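We name chains A, B, ... by the order of the sequence lines, and we start the count at 1 in each one. It should be emphasised that the depicted structure is a prediction, and the values quoted were computed from it without experimental measurement.
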Amino acid sequence: MEAVLYGKAVHVHGVTDFFSDHVFDCGQAFRWKQGEKGYTAVVDSKVIRASYDTEKQILVLENCSLDDYHGFWRNYFDLDRDYGQVKKDLSSDPVMKEAVAYGWGMRVLNQDPWETLISFIISANNNITRIKGIIDKLSARFGKEIVWEGKSYYSFPTPESLAAADDSALKECGCGYRGRYIKNTADMVARGLVSPYEIRELPYEEAHKEVQKFTGVGDKVADCILLYSMGKAEAFPVDVWVKRVMEYFYIGHPVPIKEIKSIAAKQFGRYAGLAQQYLFYYAREKKIGK
DNA sequence: AAACAGGAACCAC
DNA sequence: GTGGTTCCTGTT
């Protein structure tokens, strides 16, 4: 991999196992929007546009410096993980082989723990379209405006701004009963009672327990936060889709979520979270079990 | 228009 | 600690 600066864009040469639709539309991130020139998002209070040239194997990051790339985006896009090897390892199992072939360009992003915490509290009992809408409204209302190419974008709200939010404003953003959970959680973080950044440093089991101290975070949401923002590749979030696909292909009948997690841990090992990501995309696109 | 989709809180037991 | 019910909003 070699990163080269062209004007205000970084071109990363030699990136493999990358396909934008798989990366940005597999349910892990909610702020990336597809446009003519690529996918655009606000991440870490910066607007970024990403596009990938499959033929030349170049990842183009617009509005990005070389320092930004090495200091942030390289890790954000998980570019130092050998997905070729991961996919090879997972493909010894015929079901995973099929799922991996289908979502071949998926990568698990390393996102911000605070943003991921709130985003997945919103995700509970909710669907992706609605989650995206709620996060957009919250950002427009409580985030900071950033203008790029003549367009307005909004950063993800800070803990302080959400802790101070009116109940009615959260309701208008479509949070529903989750507004209370968001405020409670934001308040805990703003007061420094629990830090998502400190939780990130803990091993899986402890982090899984700690993150559930936030209101609105249960077993599944905890696993999402650990996998998508705390570098825990063994975390295996079981939502209805993953439950269905696991029962359909591996078990044959309905079982409790706890059992699905332990079967997955045995079957997929330390990459269970990456396996989950391929399975989720496969199950949802193919409507397995529906 | 009633039914459904989607995880965690909360209260019984 | 387990099981059943309720929470909110958008879609069918």
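Using modelled atom types, one finds no donor on one side chain facing an acceptor on the other under 3.5 Å when comparing A/Tyr76 with A/Asp112. A donor-acceptor pair shorter than 3.5 Å can be found between the side chains of A/Asp21 and A/Tyr39.
Residues A/Phe77 and A/Tyr52 keep their aromatic ring centres 6.0 Å or farther apart.
For A/Asn127 and A/Lys258, each mapped to the nucleotide of DNA chain C holding its nearest heavy atom, the one lying further toward the 5' end belongs to A/Lys258. Across the interface with DNA chain C, nearest-nucleotide mapping of A/Thr129 and A/Cys175 shows A/Cys175 to be the residue nearer the 5′ end.
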Pairs under 3.5 angstrom, nitrogen or oxygen only, protein versus nucleotides 1-3 of chain B, please.
none

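Of the candidates B/dG7, B/dA9, B/dG6, the closest approach to any side-chain atom of A/Arg180 belongs to B/dA9. In this structure, the nucleotide among B/dG7, B/dA9, B/dG6 sitting nearest to the side chain of A/Arg130 is B/dG6.
Going from atom CD1 of A/Ile182 over to atom C1' of B/dG7 covers 14 Å, rounded to whole Å. Atoms CG (A/Asn126) and P (B/dC4) sit 19 Å apart, rounded to a whole Å. For the pair A/Arg178 CZ and B/dC10 C1', the computed distance is 16 Å after rounding to whole Å. When the C1' atom of B/dG7 is taken as reference, atom NZ of A/Lys220 falls 8 Å away, rounded to whole Å. We find that CZ of A/Phe236 is positioned 14 Å from P of B/dG7, with the value rounded to whole Å.
The two residues A/Ile146 and A/Ser45 make their nearest non-hydrogen contact at CD1-O, 3.4 Å.
Below the 3.5 angstrom threshold, one finds no donor paired with an acceptor across the side chain of A/Tyr181 and the base of B/dG7.
Note that the CG atom of A/Leu109 and the CH2 atom of A/Trp73 stand 9.5 Å from one another [nearest 0.5 Å].
Exactly one of A/Tyr228, A/Phe120, A/Phe156 qualifies for a ring pair (Phe, Tyr, Trp, His ring centres under 6.0 Å) with A/Phe30. That residue is A/Phe120.
Protein chain A touches strand DNA chain C; the 5'-most and 3'-most nucleotides with an atom under 4.0 angstrom of its non-hydrogen atoms are C/dC7 to C/dG10.
Residues A/Lys37 and A/Glu62 are not paired through a salt bridge, judged by the lack of any N-O separation under 4.0 Å between the basic side chain and the carboxylate.
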